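The structure under discussion appears below in the form of structure tokens.
Note that this is a predicted model, so its numbers are computed, not measured. One-based numbering along the sequence shown.
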Amino acid sequence: RAAYLLGQLGPEPRPPGAGRTSSRLRVGYLSGSGFHNATTTARCMRSQYGMHDRMLVEVFCYAAQRDDGSEVRAAIKRGCDKFVELEGMGHREMAARIRGDGVHVLVDLTGFTISMQTEVLAAGTAPIQVAYHGYPGTMGAGFIHYLAADPISAPADHAEEHFTERLLLLPFSYLTNDHRQSRREVLLTDEEAAAAAAAAGSRPAPTRAQLGFDEDEVILCSFNQLYKIEPEVFATWMRILKRVPAAKLWLLRFSEEGAHNLRNQARRHGVEPERIVIHEQFPTSYEFRVKALADLFLDTPLFNAHTTAGDILWCGVPLLTLPGENMAQRVAAGLVTGALTPETIARTLDDYEELAVRLAGARADVMRTLRERLKLGRGLEVRPAPVFDTHEALMIGREGFGWRGTCTLRLEYLLTLLWRDELIDTPRLHVALEGEGNSGRITAG
């Protein structure tokens with residue numbers, strides 16, 4: 001598809017020095033889905049646009065779909081310097097509009113997903129074009145210059161085989177979320193949550209007993225879409241249940257047929273179907289408080305939890321994952337590392353099973369330690385864990401950031417670096433921001 005688009009549109013010639021007169025870096029974020037609330041990228045990046053250092057960066061947001069009337073979109077609109085409606089325009093017209101704003105770096109938030117606007121990038125709209133957040137993999141397109149990822153989801157030694165883009169590697173995880181700003185219901189006490197529900201005229205979150213779990217049972221969960229569950233990992237889950245008699249597996253109902261098939265498969269593996277507990281998806285008002293009742297999240301190696309992983313870690317639930325070869329199979333490991341719980345990353349499927357059994361059997365001690373570390377990482381008493389640090393800023397001069405720098409500022413720093421390289425015509429192959437504690441460093445290949 002990338003080759004086809006390039007043949008149809010092709011990059012338009014750019015005048016020498018185009019877009020190089022602004023004193024601030026102009027970053028444009030292009031959303032094919034129009035920053036709609038229904039998309040996880042819009043919700044995860046809700047506050048990020050407003051967190052850029054306005055002394056250094058001018059932020060443009062380009063929406064290719066009409067206003068959905070959501071608060072998420074309204075918040076994004078308030079957070080940028082210029083919000084541009086592209087709905088109804090053709091691709092060349094969109095490209096001309098963005099080019100007219102003199103954008104230096106255009107960040108595509110959609111990739112090859114629903115409502116993609118890849119044609120706009122094929123037209124060579126900005127001097128530097130970056131794929132970020134929305135699509136976990138290579139675009140296979142020469143007109144996408146960089147892919148923003150992290151060293152775990154996209155290791156530098158995978159670059160030649162797995163990616164056509166140069167890699168722009170952020171420390172820990174590239175997959176930001178907005179939970180510290182917009183999903184604070186998990187921070188409420190039970191009494192405060194009940195009072196908030198009563199004031200809003202809504203139901204309070206159900207208890208473990210109401211969900212079908214006894215107090216002494218271990219709740220293993222996986223809230224991923226059912227298409228991510230392949231036979232091998234499901235068989236592993238069934239072995240875990242047989243080895244941990246007190247455990248139940250908690251899934252979400254995405255279809256009645258899917259729920260029926262999963263219970264039938266459990267029976268074939270010698271597990272009572274009643275130990276597979278399946279619920280409808282929960283209302284946003286108490287979704288995270290309900291999911292926080294789980295003891296351990298079992299990730300799907302075929303296609304990891306991405307946004308769901310960030311959700312469950314924010315809920316304070318440890319996540320067990322097994323990274324694979326491609327980017328979509330490695331994202332959760334980056335998130336877990338950014339949550340400062342790397343001991344829940346397995347090396348093989350056998351290791352995954354053994355870790356799950358050990359953690360489920362140690363609910364009273366090891367699990368409690370992991371949960372407490374995740375809750376501490378929310379940042380109420382200390383600096384937040386890197387995966388949740390989208391708001392608090394700690395800049396280490398202008399030459400680097402420690403891992404305490406925010407997700408936004410780390411990205412901003414690297415984009416500024418790319419533009420500086422563009423100005424002196426010395427593009428880098430790959431760029432990685434590394435460092436811990438109070439120092440940071442750039443490595444380039």
Side-chain angles (χ1 to χ4, degrees), residues 27-52 59-89 94 97-98 106-118 120 131-136 174-188 193 196-197 199-203 205 223-225 252 254 280-291 305-315 387-388 390-391 406-408 411:
V27 178
Y29 290 96
L30 173 63
S31 171
S33 57
F35 302 99
H36 284 188
N37 179 60
T39 62
T40 55
T41 296
R43 297 196 301 273
C44 287
M45 294 183 63
R46 171 178 174 155
S47 303
Q48 190 165 338
Y49 310 96
M51 293 178 182
H52 280 289
V59 179
F60 296 75
C61 285
Y62 298 96
Q65 302 289 330
R66 68 185 63 184
D67 192 349
D68 65 345
S70 68
E71 174 52 33
V72 167
R73 194 180 200 262
I76 292 171
K77 193 170 184 177
R78 291 192 298 269
C80 64
D81 293 290
K82 183 180 287 188
F83 192 94
V84 182
E85 304 282 0
L86 300 179
E87 202 272 333
M89 296 185 185
M94 290 183 188
R97 179 67 176 82
I98 297 170
L106 182 60
V107 181
D108 178 33
L109 301 175
T110 311
F112 292 133
T113 62
I114 297 173
S115 302
M116 59 188 174
Q117 301 295 330
T118 319
V120 177
Y132 177 56
H133 211 291
Y135 182 69
Y174 77 96
L175 199 66
T176 56
N177 64 71
D178 196 56
H179 297 336
R180 291 192 72 235
Q181 290 68 245
S182 58
R183 296 303 301 271
R184 298 178 66 84
E185 64 271 20
V186 295
L187 308 180
L188 301 176
S202 60
R203 292 184 302 157
F223 300 132
N224 288 343
Q225 291 274 359
L252 291 181
F254 293 98
E280 303 293 337
Q281 297 188 61
F282 300 102
T284 302
S285 59
Y286 60 70
E287 174 193 4
F288 283 6
R289 292 187 64 81
V290 174
K291 291 180 176 180
H306 293 183
T307 304
T308 301
D311 292 350
I312 204 69
L313 292 168
W314 177 249
C315 291
V387 72
F388 302 128
T390 51
H391 183 64
T406 69
C407 299
T408 308
L411 176 64

Query raised in the report: Do Phe282 and Leu252 have side chains that get closer than 4.5 Å, going by heavy atoms?
Result: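 Side-chain contact under 4.5 Å: yes.
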Query raised in the report: Quick one: does Leu188's side chain get under 4.5 Å of Arg289's, heavy atoms only?
Result: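 SC-SC contact between Leu188 and Arg289 confirmed.
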With sequence neighbours left out, what residues match [X] under salt bridge (Lys or Arg N to Asp or Glu O under 4.0 Å)?
X	value
Glu185	Arg183
Arg46	Glu71
Arg66	Glu87
Lys77	none

I'd like to know if the side chain of [X] and the backbone of [Y] have a donor-acceptor N/O pair within less than 3.5 Å.
X	Y	value
Asn177	Thr307	no
His179	Phe388	no
Asp68	Asn37	yes

Calculate, to the nearest 0.5 Å, the distance between atoms [atom1] and [atom2] belonging to [X] and [Y] respectively.
X	Y	atom1	atom2	value
Trp314	Leu187	CH2	CG	5.0 Å
Gln281	Phe254	CD	CZ	4.5 Å
Asp178	Arg43	CG	CZ	11.0 Å
Met51	Leu411	CE	CG	13.0 Å
Met94	Leu30	CE	CG	8.0 Å
Lys291	Asp311	NZ	CG	6.0 Å

Query - With His52 via side-chain hydrogen bond (donor to acceptor under 3.5 Å, both in side chains) - residues at least two apart - result: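 Scan of His52 (side-chain hydrogen bond (donor to acceptor under 3.5 Å, both in side chains), adjacent residues dropped) gives Tyr29, Glu412.
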Requested in this report: Quick one: list whatever passes side-chain hydrogen bond (donor to acceptor under 3.5 Å, both in side chains) with Ser33, sequence neighbours left out.
Outcome: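 Applying side-chain hydrogen bond (donor to acceptor under 3.5 Å, both in side chains) to Ser33 gives Ser31.
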Using the test side chain to side chain contact (heavy atoms under 4.5 Å, CB included), find all partners of [X] that sit at least two apart in sequence or belong to another chain.
X	answer
Ala63	Phe35, Arg73, Phe83, Glu85
Arg203	Tyr286
Thr110	Asp108, Thr113, Met116
Thr308	Phe223, Asn224, Phe297, Ala305

Query raised in the report: Of all residues at least two apart in sequence or in a different chain, which pass the ring-ring contact (aromatic ring centres under 6.0 Å, His included) check with Tyr62?
Result: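 Here no residue qualifies.
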Query - Phe60: ring-ring contact (aromatic ring centres under 6.0 Å, His included) partners, not counting sequence neighbours - result: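 Expected list: none.
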Query - For Cys61 against Ile76, the heavy-atom pair lying closest together - result: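 Taking every non-hydrogen atom into account, SG-CG2, 4.1 Å.
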Report task. Give the minimum heavy-atom separation between Asp81 and Val59, together with the two atoms involved. Result ->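 What the structure gives for the nearest pair is OD2-N, 2.7 Å.
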